[in-house]
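Positions are given from 1 along the sequence.
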Amino acid sequence: MSTSPVATKDEISVPQIIYVLYLAGLITANVTLLIGVIMAYVYRSDAAPWLKEHYRYQIRTFWIGTLYSIVAFMLTLIAVGVLIWPVLMVWLIVRCVVGLRDLRRGQPPANPTSWLW
């Protein structure tokens with residue numbers, strides 16, 4: 001996949017905001033995560049091809065995180081899930097930091113279809 005010749009601040013501002021909203025979801029009980037995924041769905045159609053990959057990565061982060069959260073909740077009922085919640089938080093932080101790094105470099109995410117990072 002090719003990189004953007006020059007990533008302007010206007011181009012990357014919305015994906016940056018979405019990554020920050022995802023990180024804020026750790027504090028706001030996931031309310032900002034929902035806002036972020038809605039923004040990603042709205043803005044992805046008009047984005048440059050390399051930015052579409054970031055929106056795809058953000059949307060997948062939301063849905064994979066939701067799936068992992070459901071599994072963690074179910075396992076919490078038998079006490080194992082208590083150990084999974086911190087791992088899930090680290091997973092979200094790493095995905096957002098990696099996405100922000102690639103965005104600042106003007107590159108699409110290295111592996112937008114990954115279930116990890």
Can you check whether [X] reaches [Y] side chain to side chain, under 4.5 Å on heavy atoms?
X: V98; Y: R101; result: yes
X: I93; Y: L26; result: yes
X: L88; Y: S69; result: yes
X: E53; Y: D102; result: no

Crowding at CZ, F73 (>12 non-hydrogen neighbours, <6.0 Å):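 No, because the 6.0 Å sphere around CZ of F73 holds 12 heavy atoms or fewer from other groups.
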Looking at Y68, I'd like to know if its OH atom is crowded, meaning that more than 12 non-hydrogen atoms belonging to other residues, nucleotides or ligands lie closer than 6.0 Å. yes
Can you tell me how far the [atom1] atom of [X] sits from the [atom2] atom of [Y], to the nearest 0.5 Å?
X: L23; Y: I18; atom1: CG; atom2: CD1; value: 12.5 Å
X: R60; Y: L67; atom1: CZ; atom2: CG; value: 11.0 Å
X: L21; Y: Q16; atom1: CG; atom2: CD; value: 12.0 Å
X: W91; Y: T61; atom1: CH2; atom2: OG1; value: 5.0 Å
X: I12; Y: L103; atom1: CD1; atom2: CG; value: 5.0 Å
X: Q58; Y: L33; atom1: CD; atom2: CG; value: 11.0 Å

Using side chain to side chain donor-acceptor pair (under 3.5 Å) as the criterion, list what pairs up with Y22, not counting sequence neighbours.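 Per chain and number, Y22 pairs via side chain to side chain donor-acceptor pair (under 3.5 Å) with no residue.
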Listed by chain and number, what are the side chain to side chain donor-acceptor pair (under 3.5 Å) partners of S114, not counting sequence neighbours? none
Kindly determine whether Y19 and Y57 satisfy side chain to side chain contact (heavy atoms under 4.5 Å, CB included), including the steps that lead there. CA-CA 10 Å; Y19 283 122; Y57 184 73; 3.3 Å; yes
Which heavy atom of [X] sits nearest to which heavy atom of [Y], and what is that distance?
X: A47; Y: L51; answer: CB-CB, 3.8 Å
X: L83; Y: P86; answer: O-CD, 3.5 Å
X: T32; Y: G25; answer: OG1-N, 2.9 Å

Same apolar cluster: [X] and [Y], side chain cutoff 4.5 Å:
X: V97; Y: I64; answer: yes
X: V87; Y: I70; answer: no
X: Y41; Y: I38; answer: yes
X: V42; Y: V31; answer: yes
X: L92; Y: I27; answer: no

Intermediate values then yes/no, side-chain hydrogen bond (donor to acceptor under 3.5 Å, both in side chains), T76 and W85: CA-CA 9 Å; T76 300; W85 288 111; 3.1 Å; yes
Whether R56 side chain and P112 backbone form a donor-acceptor pair below 3.5 Å: no
Could you pull out all residues at least two apart from Y55 that satisfy ring pair (Phe, Tyr, Trp, His ring centres under 6.0 Å)?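 Y55 satisfies ring pair (Phe, Tyr, Trp, His ring centres under 6.0 Å) with no other residue.
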What I want to check is whether the side chains of T113 and N111 have a donor and an acceptor closer together than 3.5 Å. yes
